[in-house]
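I have placed the structure first, in the form of structure tokens, so that the comments after it can refer back to it.
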There are 2 protein chains.
Amino acid sequence: MGSKSTTKRADALRSIEAIAQAAAECLGRNPEASLSEIARAAGVGRVTLYAHFASRAEVVDAAMSRAIDRGNEVLDTIDLTGDPLLALARYIEAGWHLVDQARALLAAAQRELSAGRIRELHAGPAARVEALVARGRAEGAFRTDLPVAWMVNVLHAVMHSAADEIRAGRLTSDRAADHITATVLAAFTPPGRPVPEPGGGA
Amino acid sequence: MGSKSTTKRADALRSIEAIAQAAAECLGRNPEASLSEIARAAGVGRVTLYAHFASRAEVVDAAMSRAIDRGNEVLDTIDLTGDPLLALARYIEAGWHLVDQARALLAAAQRELSAGRIRELHAGPAARVEALVARGRAEGAFRTDLPVAWMVNVLHAVMHSAADEIRAGRLTSDRAADHITATVLAAFTPPGRPVPEPGGGA
DNA sequence: GCTAAGTCGTACAACGCTGTTCAGGTTATA
DNA sequence: TATAACCTGAACAGCGTTGTACGACTTAGC
């Protein structure tokens, strides 16, 4: 069943895409954005939105899925092998603003979607970062006196913190990655070992 | 004018206090808590709430002021002099959960109050922490290759992160302060210098 | 060019929240 | 104990949101 339902008009597919994209943008800015706002941002009537998505939850789910996919695409282009310090620096450089947009979206999702669905969506990208941290610990590059989950959380917390600073006008976008990297690499350094010099390495 | 209005019944003062306290609690849990919810939590009728506060904004302001006052009281009991590392550890130990409750409250305030009013309320406590960080830098205990504002932000971000982890059930409350301290002290260590051993010091 | 799929604006009902009014009951305070 | 201050529930208007229904228009696809 469902093999013939592929008969969607190109017109409709374009609308669905526009809505999902607008939803990701609007909810990324404000987790409480209304469906009217999203429809308007998509250049589509509010009724049209309801023609494709039965409820608000479905719209949020679509936006979330879209953002996760985008994130996975970006993550795929990053080399997370080799020296864990450099790998982490590459991850931060490429992903900090992407991770930030996902946060507000996540806030919307947490009110609209089931906890299981959220875990299901979030699991993929999270696993890769966890693996990187775990490898860094195993190779002696990162400290092991704190849980992996805690370290991953710190990493993301500092990324979000940078986004907040930018929104507040206290930090410029081009310096964000350097600040985050310097901070996190120091936080991850094993006790007793010297903190790496920023920009120094290789 | 207004000199005779001191004639408030003890009854009324108790209600106002109960409402402010309930508001701080409810908004601390959920920034979108309705006034009905707050009134119910205060054990007071919704109309009574409007008898004392003209608008939602006034309730939020009262809750925020209350939380700030409480924070200042706690901060006053903490010795922020001496070794900056130990002072920072003392600050974290005493204030991390207090700072966390203030966050959700701040989120409510940012939607209801003017930016100026928020700065006015927030300035006091923020200044003390900034001073501590600045002193630590001047004495060579903390790194100086990152802005003070950024370091303060990192400190708070990691505190909030701990609160999130507790809510998610991945961290127990009694270990939070140790994790935060170990992480932040490492993040603040000047490049090239060894990160302090957790619990080591004095 | 015909037809069905898609879109549009308007309008509707239902809901929850805010803020106000009113009439009647309770309690502090002098 | 008298009285004014206080508290209360119920009820109302106004607003924005969600979700649905309708009739008319436009467009994709054969």
Side-chain angles (χ1 to χ4, degrees), chain A residues 2-23 26-27 29-64 104 107-114, chain B residues 2-23 25-27 29-64 104-105 107-114:
Chain A
S3 64
K4 198 178 294 183
S5 65
T6 333
T7 343
K8 284 248 180 181
R9 246 167 64 169
D11 201 356
L13 293 176
R14 223 181 318 134
S15 283
I16 293 177
E17 242 305 289
I19 292 169
Q21 179 176 346
C26 291
L27 295 172
R29 257 185 282 110
N30 169 23
E32 312 172 49
S34 71
L35 294 188
S36 315
E37 198 177 332
I38 292 172
R40 207 177 332 119
V44 155
R46 197 172 70 90
V47 187
T48 302
L49 188 152
Y50 276 103
H52 297 298
F53 301 91
S55 70
R56 171 172 240 273
E58 280 193 17
V59 177
V60 174
D61 194 301
M64 192 72 189
Q110 271 162 346
R111 282 203 297 261
E112 232 78 41
L113 272 43
S114 76
Chain B
S3 66
K4 199 179 295 181
S5 65
T6 332
T7 345
K8 284 248 180 180
R9 247 168 60 171
D11 201 356
L13 294 176
R14 224 182 317 136
S15 283
I16 293 177
E17 242 305 290
I19 292 169
Q21 180 175 345
E25 265 178 48
C26 290
L27 295 172
R29 257 185 283 110
N30 170 23
E32 311 173 50
S34 71
L35 295 188
S36 314
E37 199 177 331
I38 292 171
R40 207 178 330 118
V44 152
R46 198 171 68 89
V47 187
T48 301
L49 188 152
Y50 276 105
H52 297 299
F53 301 91
S55 71
R56 171 173 241 272
E58 280 193 16
V59 177
V60 174
D61 194 302
M64 192 73 188
L105 214 51
Q110 271 162 345
R111 280 203 297 264
E112 232 79 42
L113 272 43
S114 76

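As a basis for the values below, the full set of heavy atoms in this structure was taken, side chains included, without hydrogen atoms, waters or symmetry mates. Chain identifiers are assigned alphabetically (A, B, ...) following the order of the sequence lines, protein sequences preceding nucleic acid strands; residue numbering begins at 1 within each chain. Since the model is a prediction, treat every value here as computed from it, not as a measurement.
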Anything under 3.5 Å between a protein N or O and an N or O of nucleotides 9-13 of chain C, put it in a table, one pair a line.
none

Hits for side-chain hydrogen bond (donor to acceptor under 3.5 Å, both in side chains) against A:Glu17, two or more places apart or cross-chain, chain-then-number order -> A:Arg66

Do B:Arg9 side-chain and C:dT29 base share a donor-acceptor contact under 3.5 Å?
no

Using whole Å, what does the distance between atom P of nucleotide C:dC22 and atom OH of B:Tyr50 come to?
17 Å

Please round to the nearest 0.5 Å and tell me the distance separating atom CG of B:Asn30 and atom CD of B:Glu25.
13.5 Å

Nucleotide D:dG29, atom C1' - distance to NZ of A:Lys8 in whole Å
16 Å

Distance test, side-chain N/O of A:Ser34 to OP1/OP2 of D:dG16, below 4.0 Å
no

In whole angstrom, what separates B:Arg111's CZ from C:dC17's C1'?
14 Å

Minimum side-chain heavy-atom gap B:Ile16-B:Phe53 below 4.5 Å
yes

Which nucleotide in the set C:dT7, D:dC7, D:dT18 lies at the smallest distance from any side-chain heavy atom of A:His52?
C:dT7

Toward the 5' end of DNA chain C, which comes first, B:Ala10 or B:Leu35, by nearest nucleotide?
B:Leu35

May I ask you to decide if A:Ala54's main-chain N or O and A:Glu58's side chain share a donor-acceptor pair within less than 3.5 Å?
yes

Short side-chain N/O contact to C:dG16 OP1/OP2 from B:Ser36, under 4.0 Å:
no

Options D:dG29, D:dT27, D:dG19, nucleotide nearest the side-chain atoms of A:Asp11
D:dT27

Which sits closer to the 5' end of DNA chain D, A:Ser55 or B:Leu13, going by the nucleotide each is nearest to?
B:Leu13

In plain terms, say whether B:Arg111 and A:Glu32 are close enough for a salt bridge, that is, a side-chain N and a carboxylate O under 4.0 Å apart.
yes

Within this structure, what is the CD-to-C1' distance between A:Glu32 and C:dC17, rounded to whole angstrom?
13 Å

Closer than 4.0 Å, any side-chain N/O of A:Arg56 to the OP1 or OP2 of D:dT18?
yes

Which atom names give the shortest non-hydrogen contact between B:Val44 and B:Leu49, and what distance separates them?
CG1-N, 4.1 Å

